[in-house]
Every structure is written in C-alpha cells, then in structure tokens.
Amino acid sequence: MNSVHIFVSYPVWFFISVGVILAVIRLIKGKSVASRAVAIDVLTITTTVVLVLFALIFNRGIFLDVALIYSILSYIGVVALARYIERGM
Amino acid sequence: MVWYEILGGIFMVIGSIFLFLGALGILRMPDVYNRLQAGTKATTLGAFASIVGVGIYNPVWFWKTLVIAVFILLTDPVSSHALARAAHFAGIKLTDKTVYDALKEDENKDNKGEDNE
C-alpha cells in the first residue's frame, strides 16, 4: 500500500499545483471580465478536487460533504457572475 | 496492493493530468470562447476521473464520490453556456483567426427574412 501511495501522490500534487499556478496567471493577466470568470470556474473546480483528495489524506469522510457543498456554491457563483456580465443587474 | 487501489491510483493520475491540461489551455488560447472550451471540457473530465478515482481507491466512499462527480458533470456545461452567452451579449468579439462564424450567419438570415416580409 505504501508504494501505490507514493506513486500516486507525487504526480497528482505536482500536476494540480502547476495547474493552479497557470490558472492564477490567467486570472491576473485576463483581458476581459469573462476570461477572469473562466479562470475562477477552473479554480473552484480544482478546489473541489483538492478537497476530495484531502479526504483521502486525513482519512475522514466528512471532507466529501464539504466538497459537495463547495461544488454547489461554485456553480451558483459562476452563473451569478455570468448574469451580472450579461445584464448588469 | 489490492486491485482496486491500483485502479483508483491510475484514475487519479489521469484526472490530475487532464486538470493540468485544462489550465494550460486557458492560458494559451487567444479568445474567451476558446478558453471556455478548454476550461470546461478538460476540467470536467479531470475532476470526474479524479473524484471517481478516490472513490475506487477507498470503496467505502464510492457512492458519495459518485454523487459529487455526477453533479460536476451535470452543472459545469451549464455554467459554461451561461458564460458564453454573457460574453456574446456583452459584445466580446471573436479573434482575428476565426474562419467561420455560424451565429452571425444565423442572425443575418433572420434579419433578411424580416426585411422580405
């Protein structure tokens, strides 16, 4: 079980952290509000995946409930941002 | 080294690679609409594979992780559609490298139909 753990955890954390850095670069650089909204969408979904991976590390099942609530919040947040861009409400 | 641990590990690594490719895509694409495509499709697949991978690695949590993954699979395209619609009505143009604009042809056809009547 230890070898599977080491084989899996190093690539997974490397790829996710580099992905977060690239998305934050787009969030800073982005040429319009919609580009920044796309970066926020990617960041919140990546945060949901990181929460589910924390459930594996700390071996507590309660992180999965937190991940579900956070995914709902991210969806509502991105749709609210999109409606604000469209209609200015 | 049970079989479900190895399978879950493979799913998790593949999912994280797709998340990385999605983030790379939104950095390199020239336009909002292209970034939406890269950000939605690759990220949804990466999140689905990663979360189901955790569920397979530890089969006690399988159904809960499946619920989270199916929720992301259903709602991520809806949010990308809302963003694309907002970007179009806010007036954000396509890039110069665009070859074919299907929406403009549809709008022109509607306008021509009204003029004839």
Side-chain angles (χ1 to χ4, degrees), chain A residues 1-5 7-9 11-26 29-35 37-39 41-43 45-46 48-53 55-56 59 61 64-65 67-68 71-72 74-88, chain B residues 1-2 5-6 8-10 12-13 15-29 31-33 35-36 38-40 42-44 46-47 50-51 53-55 57-58 60-61 64-65 67-69 71-72 74-76 78-90 92:
Chain A
M1 175 163 142
N2 259 341
S3 61
V4 173
H5 186 75
F7 246 128
V8 163
S9 66
V12 164
W13 288 116
F14 172 71
F15 282 122
I16 287 184
S17 50
V18 173
V20 165
I21 289 177
L22 294 179
V24 167
I25 290 178
R26 173 52 70 200
K29 205 169 89 160
K31 304 223 168 58
S32 56
V33 184
S35 296
V38 173
D41 190 26
V42 168
L43 280 176
I45 291 181
T46 308
T48 307
V49 170
V50 165
L51 275 172
V52 173
L53 288 173
L56 198 61
N59 216 3
L64 298 178
D65 305 332
L68 183 63
S71 71
I72 296 176
S74 94
Y75 165 61
I76 290 183
V78 171
V79 169
L81 189 57
R83 285 171 70 116
Y84 173 72
I85 296 174
E86 179 177 350
R87 286 179 229 176
Chain B
M1 291 280 282
V2 203
E5 284 185 8
I6 301 178
I10 292 177
M12 276 195 273
V13 170
S16 68
I17 289 179
F18 271 102
L19 274 177
F20 163 70
L21 287 178
L24 181 66
I26 70 171
L27 185 65
R28 294 265 308 163
M29 288 287 173
D31 189 19
V32 172
Y33 305 101
R35 285 170 199 158
L36 266 173
T40 300
T43 309
T44 307
S50 279
I51 296 177
V54 169
Y57 191 97
N58 205 342
V60 178
W61 296 333
K64 259 192 201 173
T65 55
V67 165
I68 300 174
F71 182 79
I72 290 183
L74 288 179
T75 61
D76 202 8
V78 174
S79 64
S80 105
H81 166 75
L83 272 175
R85 214 182 122 88
H88 176 70
F89 283 120
I92 301 181

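To find a chain, count down the sequence lines: A is the first, B the second, and so on, and within it residues start at 1.
Ranking Ser79(B), Ala90(B), Ala82(B), Gly15(B) against chain A, the residue ahead of the rest is Ser79(B), based on heavy-atom pairs under 4.5 Å. In terms of heavy-atom pairs under 4.5 Å with chain A, the best-connected choice from Leu21(B), Ile6(B), Val54(B) is Val54(B). Contacts with chain B were tallied for Ala34(A), Ser35(A), Ser74(A); Ser35(A) has the most, counting heavy-atom pairs under 4.5 Å. Among Val42(A), Ile16(A), Val79(A), the residue making the largest number of heavy-atom pairs under 4.5 Å with chain B is Val42(A). Put simply, of Ser16(B), Ala38(B), Gly55(B), Ala23(B), the one with the most heavy-atom pairs under 4.5 Å next to chain A is Ser16(B). Listed options Pro11(A), Ser17(A), Ala55(A) were ranked by heavy-atom pairs under 4.5 angstrom with chain B; first place goes to Ala55(A).
From Asp76(B), atom CG reaches atom OH of Tyr75(A) across 10.0 Å, with rounding to the nearest 0.5 Å. The line from CG of Leu43(A) to CD1 of Ile26(B) is 7.0 Å long, rounded to the nearest 0.5 Å. The distance from atom CD1 of Ile76(A) to atom OG1 of Thr75(B), rounded to the nearest 0.5 Å, is 10.0 Å. Atoms CD1 and OG1, from Ile72(B) and Thr48(A) in turn, are 5.0 Å apart once rounded to the nearest 0.5 Å. The distance from atom CD1 of Ile45(A) to atom OG1 of Thr40(B), rounded to the nearest 0.5 Å, is 7.5 Å.
Residue Ile92(B) touches chain A through its side chain alone, counting heavy-atom pairs closer than 4.5 Å. Proximity to chain B involves both the backbone and the side chain of Ile72(A), based on heavy atoms less than 4.5 angstrom apart. Residue Leu24(B) touches chain A through both its backbone and its side chain, counting heavy-atom pairs closer than 4.5 Å. Proximity to chain B (any heavy atom under 4.5 Å) is restricted, for Ser32(A), to the side chain, taken from C-beta onward.
You'll find the side chain of Met12(B) reaches within 4.5 Å of the side chain of Leu53(A), heavy atoms only. Residues Lys31(A) and Val32(B) fail the side-chain proximity criterion, which asks for heavy atoms closer than 4.5 Å. With a 4.5 Å cut-off on side-chain heavy atoms, Leu83(B) and Leu81(A) do not count as touching.
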Verify side-chain contact (heavy atoms from CB on, under 4.5 Å) between Leu56(A) and Trp61(B), making sure each step is shown before the conclusion. CA-CA 10 Å; Leu56(A) 198 61; Trp61(B) 296 333; 4.2 Å; yes
Is there a side-chain contact (heavy atoms from CB on, under 4.5 Å) between Asn58(B) and Asn59(A) once you walk through the steps? CA-CA 10 Å; Asn58(B) 205 342; Asn59(A) 216 3; 4.1 Å; yes
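The heavy-atom pair separating Ala86(B) from Ala82(A) by the smallest distance is CB-O, 3.2 Å. Here the shortest heavy-atom pairing between Arg26(A) and Met29(B) reads NH2-O, 4.0 Å. The shortest non-hydrogen separation linking Gly61(A) to Lys64(B) is O-NZ, 4.1 Å.
Here the options are Thr46(A), Val49(A), Val52(A), the test is side-chain contact (heavy atoms from CB on, under 4.5 Å), and the partner is Ser50(B); only Val49(A) passes.
Remark: Phe15(A) engages Phe20(B) in a ring pair (Phe, Tyr, Trp, His ring centres under 6.0 Å) (not counting sequence neighbours).
The list of salt bridge (Lys or Arg N to Asp or Glu O under 4.0 Å) pairs with a residue in residues 79-90 of chain B, not counting sequence neighbours, reads Glu86(A)-Arg85(B).
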